[in-house]
Amino acid sequence: MFDKILIANRGEIALRVLRACQELGIPTVAVHSTADADAMHVRLADESVCIGPPPAKDSYLNIPALLAACEITGADAVHPGYGFLSENARFAEILADHNVHFIGPRPEHIRLMGDKIEAKRTAKSLGIPCVPGSDGGVTSDSDAIAIARGIGFPVLVKAAAGGGGRGMKVAHLEDELATALATARSEAKAAFGDDAVYLEKYLQRPRHIEVQVIGDGRGNAIHLGERDCSLQRRHQKVFEESPSPALNVAARHQIGEIVANAMRKLQYLGLGTVEFLYEDGQFFFIEMNTRIQVEHPVTEMITGLDLVIEQIRVAAGGDLPLAQKDVEFRGHSIECRVNAENPSTFLPSPGRIASYHPPGGLGVRVDSAVYQGYTIPPFYDSMVGKLIVHGKSRTECLMRLKRALDEFVVDGIDTTLPLFRKLVRTQDIIDGNYHIHWLERFLAEGGMEP
Ligand code: ADP
């Protein structure tokens, strides 16, 4: 096992990782920018190192500063959390060159899945069904038109290096394609420094269903069921649940086994999420994330496993926690991402939290790094925290979520709590009857107007 873990992140995920380390009895090092000197992860860690000024590129993305922090503190492993350097293969390699373990997959798998064109090619070769689209990147407009005619409009132009819903443009008709290509390319170039794009059939009413996996890097891998992340705004997840109201046991088992088998063949190491769109009973691969995800707690709630602890164990050469046949799914879990944003306009609302009272009680979990009097800095994402509830059934889970949302007090800034209070009282959500475009339509139709 590792002697000391440096957590190369901030906010709720830094705290989440710190808790796992403490339960494993491993000392922790927090890193922080000057804007985060008062942050909770800094207060609770055994040691902390300031790694630079507020902009992420000068602090949380500053590889030389992180290496120096490992050196100074004697940390022999780094947990990257999500975002920042968590899917940066070069960072993993540089750490290895300095005899520091990266808690995550091997660099070649990070690189493979980081290029979405290569990821799709690999998925196909491993027997995973993919969204119909171009076979590789598209370079010329004329090629793109020919491919789009083949798959049929509407089509989606996507960035090979994409992430966070950026660099994605729909073309409903042929004469919109040239503009969609140009816009997606320039957005991708600006966001990722890479303008490679590819085409996919644009699905009309799919659900986003993703499968959680963990591998030991020696050819053993298990799946931990799925998460339904279909409630999205601007292709970003807002509310997640497990199990998916759209799947039955047979479908869950079928897609889980396809994914676990693929990971066995890859000899995949660590946690991973294989994302699909699901429409008319069919799964279509879109991408794989090679890190812990924001929505991992819903899987923890129904499997009883601590995913971060297991992630650290396999990174240190340990075995998987269970055999596939021993994985059990109990009850239902839902997560709401509570952001510091106006619940109707979604404009960010950083600032000081004047009063804070999180909900509690059986089956209620709040993963957050804020506290009363804390000022949310304007430099990073706008998350206040995640409210996760668990119940024996989906109905019990929704009732519990409703009362937990009503208990939750965050004053002084705007939050998205009112949006969730509305959603849990909306029939389609109660019925589990929604798809990836549902939330945007609900908002456009004035769902949040008084
Ligand atoms: P990113 O890496 O930017 O998150 P993804 O490929 O994971 O991009 O897609 C994010 C979201 O965009 C999906 O959950 C879905 O809502 C939407 N999306 C992606 N591909 C398609 C598609 N072919 N048709 C319709 N929606 C899509």
Side-chain angles (χ1 to χ4, degrees), residues 82-83 86-88 110 112-124 128-135 137-138 144 147-148 150-172 176-177 180-181 183-185 187-192 194-212 226-241 244 246 259 272-280 282-291 293-295 337 381 434-443:
Y82 53 67
S86 60
E87 289 175 297
N88 186 315
I110 303 176
L112 182 69
M113 295 303 171
D115 177 336
K116 294 167 82 171
I117 295 174
E118 279 307 311
K120 266 187 99 168
R121 209 172 268 146
T122 307
K124 217 184 248 176
I128 299 178
C130 294
V131 185
S134 55
D135 206 9
V138 288
I147 294 163
I151 56 181
F153 284 89
V155 295
L156 187 61
V157 183
K158 297 176 78 169
R166 282 169 303 171
M168 244 187 261
K169 290 286 160 236
V170 190
H172 293 278
E176 292 171 5
L177 187 56
L181 282 164
T183 327
R185 276 200 193 103
E187 248 184 61
K189 182 83 193 164
F192 315 110
D194 174 2
D195 69 355
V197 295
Y198 62 107
L199 289 188
E200 259 176 17
K201 173 109 193 135
Y202 182 65
L203 301 181
Q204 302 287 313
R205 293 168 64 84
R207 299 183 79 112
H208 173 116
I209 296 183
E210 58 186 34
V211 177
Q212 175 71 58
E226 82 284 8
R227 295 184 285 260
D228 193 320
C229 314
S230 303
L231 267 192
Q232 300 182 353
R233 191 179 154 269
R234 299 198 168 158
H235 308 303
Q236 296 268 54
K237 300 159 189 167
V238 168
F239 166 111
E240 302 97 352
E241 61 181 310
S244 166
V259 169
T273 299
V274 180
E275 299 192 336
F276 294 92
L277 296 179
Y278 178 71
E279 194 172 63
D280 300 330
Q282 274 184 288
F283 286 98
F284 303 99
F285 171 88
I286 46 172
E287 69 160 344
M288 175 169 185
N289 291 315
T290 53
R291 54 169 164 81
Q293 290 201 251
V294 177
E295 60 274 22
R337 297 190 189 193
D381 68 27
Y434 57 88
H435 52 81
I436 60 167
H437 307 299
W438 185 95
L439 181 58
E440 297 214 330
R441 208 161 292 163
F442 171 81
L443 294 168

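Excluded from the calculations below are hydrogen atoms, water molecules and symmetry mates; all remaining heavy atoms, backbone and side chain alike, are included. None of the values given here were measured: they were computed from a predicted structure. Just so you know, ligand 1 is whichever comes first in the structure, and atom 1 is the first atom listed for that ligand.
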Next on the checklist: Testing the basics here: between V155 and A148, what is the closest heavy-atom pair and its distance to 0.1 Å?
Outcome noted: CG1-CB, 3.9 Å
Checklist outcome for this item: Heavy atoms of I147 and G133 approach each other most closely as CG2-C, 4.5 Å
Next on the checklist: If we only consider heavy atoms of M168, is any one of them less than 4.0 Å away from an atom in ligand 1?
Outcome noted: yes
Item to check | Shortest protein heavy-atom distance from atom 26 (N) of ligand 1, along with the residue and atom involved | outcome: I436 CD1, 3.3 Å
Next on the checklist: So which atom in V197 and which in A159 form the shortest heavy-atom distance, rounded to 0.1 Å?
Outcome noted: CG1-CA, 4.2 Å
Checklist entry - Looking at ligand 1, does Q204 have a heavy atom less than 4.0 Å from it? => result no
Next on the checklist: Donor-acceptor pair, distance only, cut-off 3.5 Å: does the side chain of R166 make one with the backbone of A188?
Outcome noted: no
Next on the checklist: F276: which residues meet the ring pair (Phe, Tyr, Trp, His ring centres under 6.0 Å) condition with it, sequence neighbours left out?
Outcome noted: F283
Checklist entry - Short N/O distance, under 3.5 Å, between E275 and ligand 1? => result yes
Next on the checklist: Tell me which one of E210, R291, E295, Q293 satisfies side-chain hydrogen bond (donor to acceptor under 3.5 Å, both in side chains) with T273.
Outcome noted: Q293
Item to check | Set of residues satisfying ring pair (Phe, Tyr, Trp, His ring centres under 6.0 Å) with respect to Y198, sequence neighbours excluded | outcome: none
Next on the checklist: Among H208, E240, Q212, exactly one meets side-chain hydrogen bond (donor to acceptor under 3.5 Å, both in side chains) together with R227. Which residue is that?
Outcome noted: Q212
Item to check | Of the listed options E279, H437, E287, closest to atom 7 (O) of ligand 1 (non-hydrogen atoms) | outcome: E287
Checklist entry - Short list, please: which atoms of ligand 1 are under 4.0 Å from a heavy atom of L156? => result 19 (C), 20 (N), 21 (C), 22 (C), 23 (N), 27 (C)
Checklist entry - Which pair of heavy atoms, one from I117 and one from A160, lies closest together, and at what distance? => result CD1-CB, 3.7 Å
Item to check | Atoms in ligand 1 with a heavy atom of G162 nearer than 4.0 Å | outcome: 2 (O)
Checklist entry - Hey, does L203 come in under 3.5 Å of ligand 1, counting only N/O atoms on both sides? => result yes
Checklist entry - What residue and atom, counting heavy atoms only, is the protein's closest point to atom 20 (N) of ligand 1, and at what distance? => result K158 NZ, 2.9 Å
Item to check | Contact check: G165 vs ligand 1, nitrogen or oxygen atoms, below 3.5 angstrom | outcome: yes
Next on the checklist: Between ligand 1 and K116, can you find any atom pair, the residue atom being a heavy atom, that is separated by under 4.0 Å?
Outcome noted: yes
Item to check | Proximal candidate to atom 16 (O) of ligand 1 [heavy atom criterion; set Q232, K201, H235] | outcome: Q232
Next on the checklist: Counting only nitrogen or oxygen atoms and a 3.5 angstrom limit, does I286 reach ligand 1?
Outcome noted: no
